[in-house]
Undergrad: 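Starting off with a structure, shown below.
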Amino acid sequence: MVLNLLIDSLKQNKRRTMLIVLQCTTSYILIILTMSLTSNVYERLSSVQRATSTLYKVSDNFFYEEEKRFLAQSNHLMILNDLYEWEKTNPNFKYILASRQNLYLNMQGLPIKFQYGYEAGHETPDAYASVQVNQQFIDHYSIRSHVGRVFRDEDFDVKNTVIPILLGYEYMEYLDLEQIVKVGYMGEMLECKVIGFLEPHSFYNNGYILKSLDRLVIFPSLEVGDIHAEDRDFMVKLFLDKTSGYILSSLSVREIQEMYTQKSLQLDIEPYVLEGVSSFYLTMWGLEGEQLLKVLFVFALVIGFASLFSLSFNFVAKINLRKYTYGVMILNGTSRAKIDLSILVEIFIINLASLLIATSLALVFVGSVNLPVLLICNWTLSLISFIPPWISVQRLELSRKIRGGN
Amino acid sequence: MGIIALKKISKSYGARTILSDAYFYIDSGEFVGIIGRSGSGKTTLLNLLGFLDDPDSGEYFFDNQLIKQKNEKRRTELRRDEIGFIVQDYGLIRERNVFYNIALPLLSKNTPKKEIKHCVLSIVEQLKISDLIDKYPYEISGGEAQRVAIARALIRKPKIILADEPTGALDESAESDILEILKSLNNTGVTIVLVTHNQVVADICKKIYTISDGKIIPI
């Protein structure tokens with residue numbers, strides 16, 4: 001009987017059923033888009049917060065001639081190695097390496113937008129910006145590859161004859177995955193292999209701005225097993241670079257500076273200097289991140305209520321059209337509960353069909369959907385929108401409907 | 001006590017009183033007509049008798065069962081199993097064929113398909129409407145539609161048939177056909193309560209009542 005009622009209802013009022021499906025589908029598309037936007041904003045908000053919270057920049061204190069003199073003494077490699085090991089393993093903070101360095105890229109056909117200084121209007125031919133990073137950098141800024149992979153432990157080994165590198169998203173048009181390129185890095189010609197291209201809009205905090213990685217070459221921080229066995233001229237430059245990075249800690253800047261000063265004095269070098277990094281807030285439509293999330297939440301609620309209203313309204317209208325039939329059925333022994341059940345099943349079917357259409361469209365245009373959350377929305381929407389039709393059936397006055405005619 | 005007993009029943013719609021402390025008894029097997037002009041409260045009385053409406057006060061016993069003590073579910077079951085309804089506009093579902101319309105009370109009770117088929121074929125033969133079984137309500141005449149409605153009312157072998165202006169929309173020939181069917185049904189022992197404004201129709205009833213000053217009085 002419930003099935004008969006359901007089939008009759010779907011067969012009749014086809015136009016209204018189609019209208020309901022269309023409205024529901026539109027609502028679900030809006031819900032999916034809002035959810036996608038919300039999760040995107042949340043992710044970006046979290047990464048911006050992660051990128052700025054309790055982060056300090058640490059730099060060496062050598063300038064010009066002083067730096068040249070320091071680098072000229074190869075025994076300073078042991079000092080830098082000692083400092084680097086201390087930074088890397090210090091339990092009081094997490095050391096994030098993000099050391100900028102220009103490199104030479106032996107590549108034809110790369111547009112000038114990749115050249116160092118292009119954004120400032122004075123690009124340097126053949127010089128390309130790179131950043132040397134460690135695993136903490138990858139973890140902290142949630143760096144993910146769009147194609148290929150990000151660094152693994154073995155990629156940080158200086159003994160690699162071919163150095164694995166990652167490239168910013170915009171390089172993807174000009175270089176291939178696994179392509180071997182010659183790179184001039186700190187006076188050494190290195191053979192590098194492209195192991196991945198980063199997701200678009202990847203960024204890190206360079207202390208002043210959130211720096212996009214889209215046009216950068218990402219170099220692994222090269223770790224050394226046996227420091228004595230390596231090329232000292234190259235290594236001393238590399239290690240000077242590696243010792244300047246970023247500190248992530250809940251300790252105050254004064255406490256960390258104190259630790260660095262003590263360590264520098266112990267190593268008999270100019271004390272490294274700590275400074276806070278700029279704070280950034282994600283803004284969109286003139287709203288800061290958290291406000292934006294609230295707005296999106298309210299927006300989602302409004303869409304939810306609008307779809308509830310339209311779904312309920314259309315079903316009540318549908319029931320009004322079928323009141324005579326329902327009256328005849330009740331008069332002949334069909335219980336109101338069976339009529340209610342058929343309407344509930346119909347609401348579920350229409351909702352599910354709409355969700356299916358909306359999800360398919362969203363998969364094509366948005367790329368991904370959060371199906372469990374959508375299913376919860378679907379069931380909640382179905383159950384709540386059933387209340388007005390249920391009331392309508394309960395209030396159906398048989399005496400009036402039967403006499404009212406068909 | 002008869003199959004129907006109304007005790008001190010009152011029913012009003014706003015300021016308009018239809019029944020006021022009215023009493024009414026019908027014994028099994030009777031053929032009762034309720035006559036009156038339009039708006040006199042005939043249909044209200046029939047709605048009360050079929051539990052389609054509740055009285056404002058008083059007690060209604062159907063087959064010795066006090067109706068106000070029955071919930072909606074039990075009333076639906078009683079209506080399905082003990083009462084057959086015939087209404088002026090036939091009360092057929094347009095989008096379903098004659099077979100389905102007649103089988104409706106059985107379908108509501110989840111009766112096996114085989115039994116439904118047997119019952120429907122037997123009743124359509126009895127009422128000489130076998131050829132209509134696959135047709136839709138909009139494909140048959142008024143007289144045929146009312147026969148279908150009677151077939152549906154009889155399919156559960158009810159104790160009583162409540163007929164509200166069953167011939168109101170029919171021509172003379174169809175009217176006399178339907179009245180003959182009702183008469184022969186009554187002869188088999190089925191109690192019939194027929195509401196009409198037409199004296200000729202009422203004349204076939206064995207007892208005739210009217211509603212006057214809120215009371216149900218015999219004529």
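Chain letters run A, B, ... following the sequence lines, proteins first and then strands; every chain starts at 1. Here the structure is a predicted model, which is why all the values come from computation and not from measurement. Atoms considered below: every heavy atom in the structure, side chains included; atoms not considered: hydrogens, waters and symmetry mates.
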Undergrad: Can any side-chain N or O of A:Tyr324 pair as donor or acceptor with the backbone N or O of B:Gly91 at less than 3.5 Å?
TA: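 Yes, the answer is positive, given that a donor and an acceptor are paired below the 3.5 Å cut-off.
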
Undergrad: If I take atom OG1 from residue A:Thr334 and atom CG from residue B:Leu107, how far apart are they, to the nearest 0.5 angstrom?
TA: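 A:Thr334 OG1 to B:Leu107 CG: 8.0 Å, rounded to 0.5 Å.
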
Undergrad: Would you indicate whether B:Lys215, at its atom NZ, is surrounded by more than 12 heavy atoms from other residues, nucleotides or ligands within a distance under 6.0 Å?
TA: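 More than 12 heavy atoms, drawn from other residues, nucleotides or ligands, come within 6.0 Å of this atom.
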
Undergrad: Looking at chain A, which one of B:Ser108, B:Gly50, B:Ala153, B:Pro105 has the largest number of heavy-atom pairs inside 4.5 Å, strictly under?
TA: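 Maximum pair count with chain A is reached by B:Ser108.
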
Undergrad: For A:Thr325, run the side chain to side chain contact (heavy atoms under 4.5 Å, CB included) check against B:Arg96, B:Glu95, B:Arg94 and tell me which one passes.
TA: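 Of B:Arg96, B:Glu95, B:Arg94, side chain to side chain contact (heavy atoms under 4.5 Å, CB included) with A:Thr325 is met by B:Glu95 alone.
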
Undergrad: If you count heavy-atom pairs under 4.5 Å between each of B:Glu72, B:Arg156, B:Arg75 and chain A, which one has the most?
TA: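 Highest number of heavy-atom pairs under 4.5 Å: B:Glu72.
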
Undergrad: Under 3.5 Å, side chain of B:Lys109 to main-chain N/O of A:Gly333, donor-acceptor pair present?
TA: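 No, the answer is negative, given that no donor and acceptor are paired below the 3.5 Å cut-off.
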
Undergrad: Before giving the answer on side chain to side chain contact (heavy atoms under 4.5 Å, CB included), spell out for A:Arg336 and B:Thr76 the whole-Å C-alpha distance, their side-chain angles and the decisive distance to 0.1 Å.
TA: CA-CA 9 Å; A:Arg336 286 179 201 251; B:Thr76 305; over 6 Å; no

Undergrad: Does any heavy atom of chain A fall under 4.5 Å from the side chain of B:Tyr100, the backbone, both, or neither of them?
TA: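 Contact with chain A: side chain only.
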
Undergrad: Under 6.0 Å from the CG atom of B:Asp213, do we count more than 12 heavy atoms belonging to anything else shown?
TA: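 Atom CG in B:Asp213 is not crowded, with 12 or fewer foreign heavy atoms closer than 6.0 Å.
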
Undergrad: Can you tell me if B:Glu125 has over 12 outside heavy atoms packed within less than 6.0 Å of its CD?
TA: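 For B:Glu125, atom CD is not crowded (no more than 12 foreign heavy atoms under 6.0 Å).
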
Undergrad: Look up atom CD1 in B:Ile83 and atom CG in A:Asn332, then write down how far apart they are to the nearest 0.5 Å.
TA: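 Nearest 0.5 Å value for the CD1-CG distance: 11.5 Å.
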
Undergrad: Does A:Phe348, at its CZ atom, have more than 12 non-hydrogen atoms belonging to other residues, nucleotides or ligands within less than 6.0 Å?
TA: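 Counting neighbours around CZ of A:Phe348, more than 12 heavy atoms of other residues, nucleotides or ligands fall under 6.0 Å, so yes.
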
Undergrad: Is it true that atom CZ of B:Phe99 has more than 12 heavy atoms of other residues, nucleotides or ligands lying nearer than 6.0 Å?
TA: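 More than 12 heavy atoms, drawn from other residues, nucleotides or ligands, come within 6.0 Å of this atom.
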
